[in-house]
Amino acid sequence: FDNVISVGATDMADNFATWATHSYYIDVMAPGQAVYTTNNDNGYQRGWGTSYSTPQVAGAAALVRTRFPDLSARQVMEQIRVSSDDIYDVGSNMDYYGRLGKGRLNVEQAVSGINTPSVRQVEYQYLTSFDQYLFSGDTLQISSAFKNYLGPAPKVNVTLSSPIENVHVDKESYYIGNLGTGDEAFNEDEPFIVRLGDEVVPGERLVFRLDFEGEDYSDFQHFTMITTPEYFPV
């Protein structure tokens, strides 16, 4: 959901906890294996689950909000996300590339400053030969609105790609330039151009990835579309 931070679980060595969920919708990871906690017998125990990961992120949000009281809820969420530690080079985490969020929660970094940018696609529109219907073999234009929630972002370039073999990105890049805190950009005049291969099927979920690159800054974001099903109202 928009404006919700989605949390996945790692083990004590920053590996993805294979009993947990991985997806393009996860924002950040947090420890969820053998977490020390209280029990109902006035003692302590260790527990497993994302139910242990999520409260750690909620606690971090409270600390960030206390440290930076002027931040909005969305800015607090972004501060936690962009300050996390990249763990894709740990163990077999690359097997889940892009599906473990930005990284593993780092509370110290989250409360230490807000200089890192956080450029995000906040909405998008697309147009095809059949208006809003997505069929195989067609071309679509994607116009995206971007917003920078945190520190100034110089010389930002956005690149669109897709991990799906039958989705071909013909115009992949959009240069935003400089975005100050709270600034927005819209590529309506320079939309991304995407061709859907003939093998794309009705009702297929299409995954897209946006990569943001700037001076000493990089980030990514996924979004999805679903092709028009075989039967639909007109």
Side-chain angles (χ1 to χ4, degrees), residues 1-69 71-120 149-151 161 163 205 207 209-213 216-224:
F1 296 98
D2 293 335
N3 303 309
V4 174
I5 187 166
S6 179
V7 182
T10 58
D11 66 15
M12 292 182 289
D14 279 343
N15 296 289
F16 166 64
T18 54
W19 43 259
T21 299
H22 57 85
S23 82
Y24 294 117
Y25 299 107
I26 288 177
D27 294 303
V28 69
M29 307 293 285
Q33 181 171 317
V35 178
Y36 205 49
T37 184
T38 55
N39 62 26
N40 291 331
D41 297 320
N42 297 318
Y44 298 89
Q45 65 183 27
R46 294 189 182 275
W48 283 255
T50 49
S51 295
Y52 291 88
S53 308
T54 303
Q56 296 181 60
V57 176
L63 293 173
V64 171
R65 194 64 177 270
T66 301
R67 176 71 174 81
F68 307 107
L71 294 185
S72 67
R74 180 60 187 266
Q75 287 177 307
V76 169
M77 181 181 82
E78 292 301 323
Q79 176 69 6
I80 290 171
R81 192 184 61 80
V82 300
S83 64
S84 61
D85 290 332
D86 189 329
I87 58 171
Y88 282 107
D89 61 350
V90 175
S92 60
N93 286 350
M94 279 299 293
D95 292 344
Y96 311 96
Y97 183 62
R99 290 171 285 167
L100 305 181
K102 176 70 170 170
R104 189 255 305 121
L105 174 70
N106 185 322
V107 180
E108 181 181 12
Q109 290 183 170
V111 299
S112 64
I114 53 174
N115 294 325
T116 303
S118 180
V119 180
R120 311 305 285 159
Y149 285 96
L150 295 175
S161 61
R205 182 179 296 275
V207 178
R209 175 179 168 123
L210 293 166
D211 281 281
F212 304 94
E213 297 289 341
D216 300 319
Y217 169 69
S218 64
D219 204 347
F220 66 91
Q221 181 179 4
H222 289 89
F223 65 99
T224 59

(message) Using the rule side-chain hydrogen bond (donor to acceptor under 3.5 Å, both in side chains), only one of D86, N93, D14 pairs with R104; which is it?
(response) D14
(message) I'd like to know if the side chain of D211 reaches the main chain of F220, judged simply by a donor and an acceptor atom lying under 3.5 Å from each other, with no hydrogens or angles considered.
(response) no
(request) Please say whether the positively charged group of R120, taken as NZ for Lys or CZ for Arg, lies over the ring of Y149, i.e. under 6.0 angstrom from the six-membered ring centre and within 45 degrees of the axis. (result) no
(message) So, applying side-chain hydrogen bond (donor to acceptor under 3.5 Å, both in side chains) with E78, which one of S72, S83, S118 is it?
(response) S118
(request) Using a cut-off of 6.0 Å, state whether more than 12 heavy atoms not belonging to D216 lie near its atom CG. (result) no
(request) State, with a plain yes or no, whether a side-chain heavy atom of M94 is found less than 4.5 Å away from one of D89. (result) no
(request) Taking the side chain as every heavy atom from C-beta outward, state whether S84 and M29 have any pair of such atoms under 4.5 Å apart. (result) no
(request) Output yes when a side-chain donor or acceptor of D27 lies under 3.5 Å from a complementary backbone atom of I80, and no otherwise. (result) no
(request) Write down the atom of V107, the atom of A60, and the distance for their closest heavy-atom approach. (result) CG2-CB, 4.1 Å
(request) Of all the heavy-atom pairs spanning A30 and V57, show the shortest one and how long it is. (result) CB-CG2, 4.0 Å
(request) Return the orientation label for the F16 and H22 ring planes: parallel under 30°, perpendicular over 60°, tilted otherwise. (result) perpendicular
(message) A side-chain contact here means heavy atoms from C-beta on lying under 4.5 Å apart; do Q109 and T116 qualify?
(response) no
(request) Calculate, to the nearest 0.5 Å, the distance between atoms OH and CZ belonging to Y25 and F1 respectively. (result) 10.5 Å
(message) Using every non-hydrogen atom in the two residues, find where T37 and Y52 come nearest and quote the distance to one decimal.
(response) CG2-CE2, 3.6 Å
(message) So does D85 get a backbone contact from the side chain of N106, meaning a donor-acceptor N/O pair under 3.5 Å?
(response) no
(message) Are the side chains of D11 and W19 in contact, using a 4.5 Å heavy-atom criterion?
(response) no
(message) When you compare the side chain of T10 with that of Q33, does any pair of heavy atoms fall below 4.5 Å?
(response) no
(message) Any non-hydrogen side-chain atom of T224 less than 4.5 Å from a side-chain atom of Y24?
(response) no
(message) Could you report the tightest heavy-atom contact between T66 and P69, atom names first, then the distance?
(response) O-CD, 3.6 Å
(message) Test your reading of the model: is there a side-chain donor-acceptor pair from Y217 to the backbone of V119, 3.5 Å cut-off?
(response) yes
(message) For A110, is there any backbone N or O sitting under 3.5 Å from a side-chain donor or acceptor partner on Q79?
(response) yes
(message) Looking at G43, is its backbone amide N or carbonyl O close enough to the side chain of D41 to form a donor-acceptor pair, meaning the two atoms are under 3.5 Å apart?
(response) no
(request) Scan for salt bridge (Lys or Arg N to Asp or Glu O under 4.0 Å) pairs involving residues 16-26, sequence neighbours excluded, and state none if there are none. (result) none
(request) Of all the heavy-atom pairs spanning P55 and T50, show the shortest one and how long it is. (result) CD-O, 4.3 Å
(message) So does S51 get a backbone contact from the side chain of T54, meaning a donor-acceptor N/O pair under 3.5 Å?
(response) no
(request) Could you tell me which non-hydrogen atom of A20 sits nearest to which non-hydrogen atom of A9, and how far apart they are? (result) CB-CB, 4.0 Å
(message) Test your reading of the model: is there a side-chain donor-acceptor pair from R99 to the backbone of I26, 3.5 Å cut-off?
(response) no
